[in-house]
Visitor: 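Structure provided below as structure tokens; questions to follow.
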Amino acid sequence: MHTRYAIISIYILLISSTHAVNPRQPDPHLKTANQFLAPQNAARASLRLRPLAWDARLERYAQSYANQRRYDCDLKHSNGPYGENIFWGSGSGWTPAQAAAAWVSERKWYSYWSNSCAEDQECGHYTQIVWNNTERMGCARVGCFRGRGVFMTCNYDPPGNFIGEKPY
């Protein structure tokens with residue numbers, strides 16, 4: 001009888017230990033995605049627009065293109081089927097949050113009433129971020145070869161920035 005209880009106790013112990021929840025280290029991939037998402041979704045929230053969702057397909061597209069740019073770090077668009085913001089910074093310390101903040105900071109140059117940027121200023125990165133119909137995004141960051149800096153790109157679907165249309 002005692003043997004039976006011992007076997008049952010060991011069995012229960014084994015089952016419970018295989019289902020124990022082990023604390024995991026934060027996924028660095030999720031941290032990077034959130035650094036891109038948080039500032040952009042904050043900009044959208046300030047306009048009462050729904051937040052963008054992270055999309056693995058767009059992330060793969062962005063990563064593929066960023067990998068191509070790591071050789072020259074040129075600020076060239078992919079000319080693909082998605083909306084796109086690109087960023088370059090010298091040195092190696094640039095973070096996704098800094099790239100996203102730079103794009104969002106263009107808000108000060110955008111006039112909703114005239115649907116245009118201030119003279120000699122850029123605001124298209126900002127308007128892509130707050131484009132009302134956009135639902136998903138995916139981004140990537142690469143260090144460029146030979147210390148040429150950091151290149152980052154975000155892709156948006158559906159795309160925005162259609163001439164003559166307001167973003168929201």
Visitor: Do Tyr110 and Asn115 have side chains that get closer than 4.5 Å, going by heavy atoms?
Guide: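 Yes - at least one pair of side-chain heavy atoms lies under 4.5 Å apart.
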Visitor: Side chain of Asp74, backbone of Lys76: donor and acceptor closer than 3.5 Å?
Guide: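 Answer holds: no.
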Visitor: As an exercise, state the distance from CG of Asn155 to CD1 of Ile86, rounded to the nearest 0.5 Å.
Guide: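 Interatomic distance, Asn155 CG to Ile86 CD1, rounded to 0.5 Å: 10.0 Å.
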Visitor: Quick check: do Gln63 and Val142 have side-chain heavy atoms less than 4.5 Å from each other?
Guide: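 Yes, close enough: below the 4.5 Å cut-off.
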Visitor: Could you tell me the separation between the CD atom of Gln121 and the CD atom of Glu119, rounded to the nearest 0.5 Å?
Guide: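 Between atom CD of Gln121 and atom CD of Glu119 there are 9.5 Å.
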Visitor: Between Trp109 and Tyr126, does the side-chain contact (heavy atoms from CB on, under 4.5 Å) criterion hold? Intermediate values first, please.
Guide: CA-CA 9 Å; Trp109 306 120; Tyr126 169 73; over 6 Å; no
Visitor: Once you round to the nearest 0.5 Å, how far does OH of Tyr82 lie from CG of Leu58?
Guide: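 It comes to 5.5 Å.
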Visitor: Measuring only between side-chain heavy atoms, which start at C-beta, is Tyr156 closer than 4.5 Å to Ile129?
Guide: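 Answer yes - side chains close enough.
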Visitor: Rounded at 0.5 Å granularity, tell me how far CD in Glu59 sits from SG in Cys154.
Guide: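 The CD atom of Glu59 sits 10.0 Å away from the SG atom of Cys154.
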Visitor: How about Arg57 and Arg60: do any of their side-chain heavy atoms sit closer than 4.5 Å?
Guide: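 Answer yes - side chains close enough.
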Visitor: Give the minimum heavy-atom separation between Glu122 and Cys117, together with the two atoms involved.
Guide: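 The pair with the smallest heavy-atom distance is C-SG, 4.0 Å.
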Visitor: Under the side-chain hydrogen bond (donor to acceptor under 3.5 Å, both in side chains) rule, what do Ser46 and Arg107 come out as? Steps first, then yes or no, please.
Guide: CA-CA 11 Å; Ser46 73; Arg107 178 181 192 162; 2.9 Å; yes
Visitor: If you look only at pairs with a residue in residues 41-80, which of them pass as a disulfide bond (SG atoms under 2.5 Å apart), with sequence neighbours excluded?
Guide: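 Found Cys73-Cys144.
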Visitor: With a 4.5 Å limit on heavy-atom distance, are the side chains of Phe145 and Tyr71 in contact?
Guide: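 A side-chain contact exists here, since the closest heavy-atom pair is under 4.5 Å.
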Visitor: Could you tell me the separation between the CH2 atom of Trp54 and the OG1 atom of Thr32, rounded to the nearest 0.5 Å?
Guide: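 Reported value, rounded in 0.5 Å steps: 8.0 Å.
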Visitor: Which pair of heavy atoms, one from Asn41 and one from Leu52, lies closest together, and at what distance?
Guide: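 Distance-wise, the nearest heavy atoms are OD1-N, 2.6 Å.
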Visitor: Give me the ring orientation class for Trp103 and Phe36: parallel if the planes are under 30° apart, tilted from 30 to 60°, perpendicular past 60°.
Guide: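 Taking Phe36 first and then Trp103, their aromatic rings lie parallel (interplane angle under 30°).
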Visitor: How close do Phe87 and Ala102 get, heavy atom to heavy atom, and via which atoms?
Guide: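 The pair with the smallest heavy-atom distance is CE1-CB, 4.2 Å.
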Visitor: Please list, one pair per line, the donor and acceptor atoms closer than 3.5 Å that link side chains of residues 131-140 to other protein atoms, with sequence neighbours excluded.
Guide:
unit_1, atom_1, unit_2, atom_2, d
Thr134, OG1, Gln128, NE2, 3.4
Thr134, OG1, Pro158, O, 2.7
Arg136, NH2, Asp157, OD2, 2.8

Visitor: Would you mind reporting whether Lys166 and Tyr112 have side-chain heavy atoms less than 4.5 Å apart?
Guide: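 A side-chain contact exists here, since the closest heavy-atom pair is under 4.5 Å.
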Visitor: To the nearest 0.5 Å, what is the distance between CE on Met152 and CG on Asn85?
Guide: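 It comes to 12.0 Å.
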Visitor: Go through the steps for Tyr65 and Glu84 under the test side-chain contact (heavy atoms from CB on, under 4.5 Å), then give the verdict.
Guide: CA-CA 11 Å; Tyr65 186 66; Glu84 186 172 70; 4.2 Å; yes
